[in-house]
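When reading the values below, keep in mind they use all heavy atoms of this one structure, side chains included, and skip hydrogens, waters and symmetry mates.
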Amino acid sequence: MEVTRRGLMASVAGPFLMQRRAAGPRPNIVLVLADDLAAWMTGCYGNREIRTPNIDRLADAGARMAQSFVCTPASSPSRATLFTGRTPRQHGILDFLTDTPAAEPEQGQKAPPESFAREAMLSELLAAAGYRCGYVGKWHMGGDERPGRGFEFTATLRGEQYEDPQLTVNGSAVSEKGYLPEILTKYASDFIDQQQKDRPFFLTVAHVNPQPPYDGHPQRYTDPYRDARFETFGIQPAAANALRGKEYLEDPVPNIRKCAAAVTALDDQVGALHRKVIGRGLFENTIFIFTSDNGFLLGRHGLWSDGHASHPVNMFEEVMRVPMIWSWPGRIPVQAVRPELVSAYDFLPTLCEAAGVAPPKDRNLCGRSYLPLLLNQPLPRKSPWPDLVFGHFRYTEMARDKYYKLVVREPGTGPGELYDIRKDPNERANLYQDAGFTTVRARLEKRLAEWREAYA
């Protein structure tokens, strides 16, 4: 029997009413989502050449997940997993959405499947529980001009130019003058100003930064990088299998300067939005989260962009690991760094638990709430954190634990890969055919096969 969205929302509202927290009001939630920002590109994750002081201060004010992974290193499927808790095979968005998918090799997807309209999104769960939901910025999951999905307010993008952007605000076309990140922060700030303290809100601000093309950023952001050489980045000559973004590798340093400027501009807006929350007196009861839809290479491995930086697609650490920072005053300890491996598919269960909302029980979610880790609470002895994450992108899959990473591909699409992450964090020595690692390979292949069967 087909489950309608209305029926699904009704089914989650009831459990919510029974498990609403007895102590204290429900928290507001602000989610800032970057585009193409790898964990390694921020200061709090070790970068010393790109300036991200506001993101770094946010990490100091809460908890940083040191090993946070996406399930898919591409924008649309990664966002869909973040908001549904489901894998690409489940929600049906397998690649970035575009009106002009490429072939040979395949890149992009024309539209979500019809079944995606029946997916239960985080915003719908929160709206059914009484949250007022707003979305500002890049949507990229189909129906960009009218996302719906429980959002009472939307200001989404028509095109992705950094200067004088075109938006759709609650279904109406709007032309703006100015710099896109600042305009998005203004819409987000206006939404916050409209909120009443007796009703919680969920606000997502989805920036385009630092996605290419890199033109259109103000001089105040480009000037600080005019002499930067990025000598710590490990830039390599273009690989033979380089694909999307390979034109930037012809002269990588000037292009990285522009990307760095875009990152610092994004960082400024994170700080501005955080100050807005504080200025409105909402700081103490607001969960503030910063993350990204996927990582980026910027010349590492001789590649430029995300999973499509190469053919076949890649799942290098740079494209799979993203920042995941949570601040919740009085609940999440400050200056905390959690070493556990977590995935984008763990995000929905975690945020649902923080908000006191039941995740949907009929969606076969593969993730688990890591809220106890954020709160520094012990886990049940019989239910330790698994420290194993999985990935899927088109014909390529990944299983990654604390020690090893396995990458497998469908027959005829590319080689298998196995890396000893402890000894080879840059993934230079492929051990897939090494007889000394047969047992490791078999163990991870077994776990990956079980995951595939359970959540296909």
**Q** Between T84 and H91, do the side chains contain a donor N or O and an acceptor N or O under 3.5 Å apart?
**A** no

**Q** For a quick check under 3.5 Å, do R86 and N364 share a side-chain donor-acceptor pair by atom type?
**A** no

**Q** If I compare all heavy atoms of N294 with all of T72, which pair ends up nearest, and what's the gap?
**A** CB-O, 4.4 Å

**Q** Any side-chain to backbone donor/acceptor pair from H301 onto L303? Under 3.5 Å, distance only.
**A** no

**Q** Do the ring centers of Y131 and F202 come within less than 6.0 Å of each other?
**A** no

**Q** Under a 3.5 Å cutoff, is there a donor and acceptor pairing between the side chains of Y345 and Q90?
**A** no

**Q** Could you tell me how the ring of Y179 sits relative to the ring of H217: parallel (under 30°), tilted (30 to 60°) or perpendicular (over 60°)?
**A** perpendicular

**Q** With side chains defined as the heavy atoms from C-beta onward, is the minimum distance between R300 and W40 less than 4.5 Å?
**A** yes

**Q** Does the side chain of T52 come under 3.5 Å of the side chain of D56 through a donor N or O and an acceptor N or O?
**A** yes

**Q** Indicate whether any N or O donor in one side chain lies under 3.5 Å from an N or O acceptor in the other, for Q109 and S76.
**A** no

**Q** Where is the tightest heavy-atom contact between R400 and L341, given as atom of each residue plus distance?
**A** O-CD2, 3.5 Å

**Q** Does the side chain of D95 come within less than 4.5 Å of F393's, by heavy atoms?
**A** yes

**Q** I want to check something: taking the side chain as every heavy atom from C-beta on, are Y248 and K258 in contact at a cut-off of under 4.5 Å?
**A** no

**Q** Taking the six-membered ring of Y404 (Phe, Tyr or Trp), confirm whether the NZ or CZ of R422 is under 6.0 Å from its centre and within 45° of its axis.
**A** yes

**Q** Indicate the ring-plane relationship of Y455 and W451, choosing parallel, tilted or perpendicular according to the 30° and 60° boundaries.
**A** tilted

**Q** Looking at G43, is its backbone amide N or carbonyl O close enough to the side chain of R48 to form a donor-acceptor pair, meaning the two atoms are under 3.5 Å apart?
**A** yes

**Q** Kindly check if the number of other-residue, nucleotide or ligand heavy atoms within 6.0 Å of CZ (R158) is above 12?
**A** yes

